[in-house]
Protein chains: 2
Amino acid sequence: MSSFATTPLTRVRRAAERADYQQATVEAILDAGWVCQVAFSVDGQPHCLPTAHWRVGDTLYIHGSNGSRMMRALAEGTPACVNVTLLDGLVLARSAFNHSMNYRSAMLYGSFRKVEDAAEKWASFEAFMDKVEAGRRALVRMPDANEFAATSVLALTIREAVAKQRSGPPEDDVADLGLPVWAGVWPLETRFGTPIPDPATASCPA
Amino acid sequence: MSSFATTPLTRVRRAAERADYQQATVEAILDAGWVCQVAFSVDGQPHCLPTAHWRVGDTLYIHGSNGSRMMRALAEGTPACVNVTLLDGLVLARSAFNHSMNYRSAMLYGSFRKVEDAAEKWASFEAFMDKVEAGRRALVRMPDANEFAATSVLALTIREAVAKQRSGPPEDDVADLGLPVWAGVWPLETRFGTPIPDPATASCPA
């Protein structure tokens, strides 16, 4: 199984036993998340912007309007950091100090490049639609020339990356085990609810 | 109702109709989230770190081990950006271009200060425990002197902030309304599942 090399940026120092450099672990977290946060600086001011992401092989894609500040700054190759965090539960311990969270987090470092090749850009749109729903891209109207041109796609090669995860029960001090307070995990579950059809559908011929 | 002033950093340029500068809106998003992402730079390299957060009035708190790189960098007052994003659903349109997401996002800009005052630090721990579960701090063992000293608490005054939100159905072009593809919203619901008691409880006297 392939793993990422540990670098000064990705070496996990705190709770190092939670670090996982396996490519498959990082990719699974990226694929399970719909939104990442991208950190980058403009004139020394850091920004932390949420945006949709998707993955094709070792490439992470994001997209946006050509004119957006984030797209323009990142297209210039400024250093970036991408995080995807999935929260799996609250860990309730008997001491305040040992409370924790169960989570899966993927951290990527690198610089984006603007996808200029039309074929790669088109394939990335197809892959994004596939992530939303398999088969959907054959049913929707794919981007026309104006929409295609108005959207920037940026790509980050997933090379400097690490996952950090916690699961399982609290780890209380032995001396605290007898305290009369409930301890354990409140799992957090994220799932799709009942689909809500677009009201506009009622008035359309299909 | 109190609102934040719009600044060059918080002025929403894209989909500006989704921006909301009301204090109550920003605070509600912060309070509904368990984890924020904090962006900051060290030697020109941006980082995007997920961490638990909580709020007391106009102050956002985060905490961590004294030795952590993030705590040390932020305690020096380096510029930071904090984002909390709650994903409410996928918005499926009839055209690829009009697909979207429903979300609530709060963006804060500013610099953290290290909480040096012991009373404020203790009150912040109490508030954090209150966020986890009302009444819990009376039942758990609160931090002892060593735990108290080993943990840094950082505070950010919520002054430069904005929320951005989307809700509702897709907004398709009229010409696409007849396309034979399902359109609407897949709501994403995050909720607590069945609590999982700590196995260690079975062997403890309580």
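Just so it is clear: chains get the letters A, B, ... in the order the sequence lines come, proteins before strands, and each one is counted from 1.
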Show the nearest heavy-atom pair for residues [X] and [Y], with the distance to one decimal.
X: A:Trp186; Y: B:Val132; value: CZ3-O, 3.4 Å
X: A:Gln45; Y: B:Ala80; value: NE2-O, 3.9 Å
X: B:Asn83; Y: A:Cys48; value: CB-O, 3.4 Å
X: A:Pro50; Y: B:Met107; value: CD-CE, 4.1 Å

Chain A interface, residue from [options] that has the most non-hydrogen pairs under 4.5 Å:
options: B:Ala52, B:Gly184, B:Ala183, B:Pro46; value: B:Pro46
options: B:Ser68, B:Ala150, B:Ser41; value: B:Ser68
options: B:Pro169, B:Ser95, B:Gly168; value: B:Ser95
options: B:Gly193, B:Gly44, B:Pro187; value: B:Pro187

Item to check | Centroid-centroid under 6.0 Å between B:His99 and A:Phe128 rings | outcome: no
Side chain, backbone, both or neither of [X] within contact of chain A (heavy atoms, under 4.5 Å):
X: B:Arg137; value: neither
X: B:Leu87; value: side chain
X: B:Tyr109; value: side chain
X: B:Leu108; value: neither
X: B:Asp173; value: side chain
X: B:Ser105; value: side chain
X: B:Ser65; value: side chain

If you tally heavy-atom pairs under 4.5 Å against chain B, which of [options] wins?
options: A:Lys164, A:Met142, A:Met129; result: A:Met129
options: A:Val35, A:Thr78, A:Val38, A:Leu90; result: A:Leu90
options: A:Gly64, A:Gly67, A:Pro143; result: A:Gly67

Item to check | Worked verdict on A:Asp198 versus B:Arg94 for side chain to side chain contact (heavy atoms under 4.5 Å, CB included) | outcome: CA-CA 10 Å; A:Asp198 181 9; B:Arg94 296 159 186 86; 2.9 Å; yes
Checklist outcome for this item: Separation between CZ (B:Arg69) and CG (A:Leu9), nearest 0.5 Å, reads 7.5 Å
Next on the checklist: For the CD1 atom of A:Ile196 and the CG atom of B:Leu92, what is their distance to the nearest 0.5 Å?
Outcome noted: 11.5 Å
Do the side chains of [Y] and [X] get nearer than 4.5 Å, heavy atoms only?
X: A:Leu188; Y: B:Trp34; result: yes
X: B:Trp182; Y: A:Pro197; result: yes
X: A:Val140; Y: B:Leu179; result: no

Item to check | Sole residue of B:Asp176, B:Asp172, B:Asn98 in side chain to side chain donor-acceptor pair (under 3.5 Å) with A:Arg141 | outcome: B:Asp176
Counting only heavy atoms not in [X], do more than 12 sit closer than 6.0 Å to its [atom1] atom?
X: B:Arg191; atom1: CZ; value: no
X: A:Arg159; atom1: CZ; value: no
X: A:Glu189; atom1: CD; value: yes

